[in-house]
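To start, the structure under review is shown below, and the notes come after it.
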2 protein chains.
Amino acid sequence: MRIVALAGGIGGARFLRGLQAAAPEAEITVVGNTGDDISLFGLRVCPDLDTVMYTLGGGINEEQGWGRTDETFTVKEELAAYGVGPGWFGLGDRDFATHIVRTQMLAAGYKLSSVTEALCDRWKPGVRLIPMTDDQVETHVVVDDPEHGRRAIHFQEWWVRLRASLPALSIAPVGADEAKPAPGVLKAIEEADVVLFPPSNPVVSIGTILAIPGIREAVAANTVVGVSPIIGGAPVRGMADACLTAIGVETSAKAVAEHYGLGLLDGWLVDEADGDVRVEGIEVRSRPLLMSDPEATAAIARAALDLALELKKEAP
Amino acid sequence: MRIVALAGGIGGARFLRGLQAAAPEAEITVVGNTGDDISLFGLRVCPDLDTVMYTLGGGINEEQGWGRTDETFTVKEELAAYGVGPGWFGLGDRDFATHIVRTQMLAAGYKLSSVTEALCDRWKPGVRLIPMTDDQVETHVVVDDPEHGRRAIHFQEWWVRLRASLPALSIAPVGADEAKPAPGVLKAIEEADVVLFPPSNPVVSIGTILAIPGIREAVAANTVVGVSPIIGGAPVRGMADACLTAIGVETSAKAVAEHYGLGLLDGWLVDEADGDVRVEGIEVRSRPLLMSDPEATAAIARAALDLALELKKEAP
């Protein structure tokens, strides 16, 4: 069985680990969000790709969900001693090595998809991890900055430095219009038996991937089941509500499904806490969605997969 | 009093610390060798400049003479886990930060001399440290490689990886012909009361600096005293003998002075172990030259300075 999943960072990566446990024989292709990517200290950092790679490859800091286990911060402290920032982005020494390798390969002319493949040679995540695009797409957030007035800032600055404390007036994946899906992305989606949306951020993770011309259409042509990242009217982790508000979508399991829309989503898993969710034209199933441990996560992934296979069979 | 010293790495840096102790009121300008510079992992590494900066700024690993104190090697280990080398060059985590800052500034268009000044803002070495040139000069060594035949390799590969185990057929500072002295170098030499050559490698450290068009002439016009890096017919540290052999110079205090030559060197300090050294036209003084501790080193620096001031007075 061939599965494609679109994934952001922590939530997506944990869901994918559950999916691997639920369907150990499946060939899984992960299309990763790169809208969060940022250049720091002259190095190219791809937080979501790395979170997926480290999580599935056994190198993740389990407690925080991002970054490496047994991490130290010597390089960052030394950079700060030189007065070189930003200090708000947590880059550890082990993590630095990943960015150094990536930056060196990019400078040598390799595409991000090739670089990602090379990095995965070490981590062996057990999935094929492809960035959504080899082109540069950066999610920018427009805020009313009390000091600098209205301006667009990098998503990471809003998310990590400001912790989304300033309301996002708009959120846009800058460069997406002109970007092309990375080699293999469209083919994997076309050849997949089903496409899954993990409980990643519907705006800045899955929404960004879908903004790359061609990807939404390819996904829509397949059977798609999503897992709601909203439980009991609130994001399970992260600040997805701040992102949803920015695009005028209510923070509810129902509103997110409607936002993805008919024609894209065939099935939608919501949590029991959200009551009787109904969305016209989308098959909604209710079950516990808290990824509290590996077993619970595998059961959620299994449920998403089962629903997708069921809907696929019914499809004309 | 204004002093200019040309310096390589470890020996030069230790001498300079002695010079600071011997002449605490002097304004010291250090012209640093950059022929050893190398790009590793996409980062620009300047071993000699950093050794001077760390030594005088209190950050050096005293025992080994290069690199940072309390150093860890996490980044390097992680790079090795990605299969990315070279593993033979010892870059520690603290050191990496220096190279990251330097590389980022160079990429932003700053010259190496400005970058060095910015790095020294942190270290406050108490001297003005200027690279010999802002242009790229790389010392290459021609060897008969048993596997690959005759070829030119980077100095660091010969020095660090091969530990000079293959005889150097020739040593050349590639790019020196076209290089210009960095801003401030010639002026500092012209305005200096005296110029000192620490016991740095006469071929690949001081020789490289002198190979930058204009520097030799400026130095020769001033009063110059050197400290022999050869004691008892052997280099005190490093493998200067392998370098001297490559350029056809005997490994002796006398031969090195003759190599620098009349018209460049006015005075020359040799060790008592080398007996009665006489060089036509150069004032040779004999004294203990082992930089065994800070006091001994300061006394050597004081002797070099005193000789220089004495010769300066005598000059027509």
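Quick caveat: nothing in here was measured; it's all calculated off a predicted structure. In the text below, chain A, chain B and the rest are named by the order of the sequence lines, each starting its count at 1.
- In this structure, the portion of B:Thr72 lying under 4.5 Å from any heavy atom of chain A is its side chain and not its backbone.
- A:Arg94 and B:Glu77 are not joined by a salt bridge, as no carboxylate oxygen comes within less than 4.0 angstrom of a charged side-chain nitrogen.
- Looking at A:Leu43 and B:Gln104, their side chains never come closer than 4.5 Å, going by heavy atoms from C-beta outward.
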Between A:Thr74 and B:Phe96, is the side-chain contact (heavy atoms from CB on, under 4.5 Å) condition met? List the steps. CA-CA 9 Å; A:Thr74 306; B:Phe96 256 110; over 6 Å; no

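- Comparing A:Leu119, A:Asp121, A:Asp95 by how many heavy-atom pairs each has under 4.5 Å with chain B, the most go to A:Leu119.
- If you measure heavy-atom distances from B:Val75 to chain A, the contacts under 4.5 Å come from both the backbone and the side chain.
- Of the two parts of B:Ala81, the backbone and the side chain both hold a non-hydrogen atom closer than 4.5 Å to a non-hydrogen atom of chain A.
- The environment of B:Arg151 atom CZ is dense: over 12 non-hydrogen atoms of other residues, nucleotides or ligands sit within 6.0 angstrom.
- Contact annotation: the side chain of A:Phe41 never approaches that of B:Val101 to less than 4.5 Å [non-hydrogen atoms, C-beta and beyond].
- Within 6.0 Å of CD on B:Glu117 lie no more than 12 heavy atoms contributed by other residues, nucleotides or ligands.
- Remark: A:Tyr82 OH to B:Trp123 CH2 distance equals 5.5 Å, nearest 0.5 Å.
- Other residues, nucleotides and ligands contribute at most 12 non-hydrogen atoms within 6.0 Å of the OH atom of A:Tyr110.
- For B:Glu178, the CD atom sits in a loose shell: 12 or fewer heavy atoms of surrounding residues, nucleotides or ligands are nearer than 6.0 Å.
- Note that NE2 of A:His99 and CD of B:Glu78 are 11.0 Å apart. Values are rounded to the nearest 0.5 Å.
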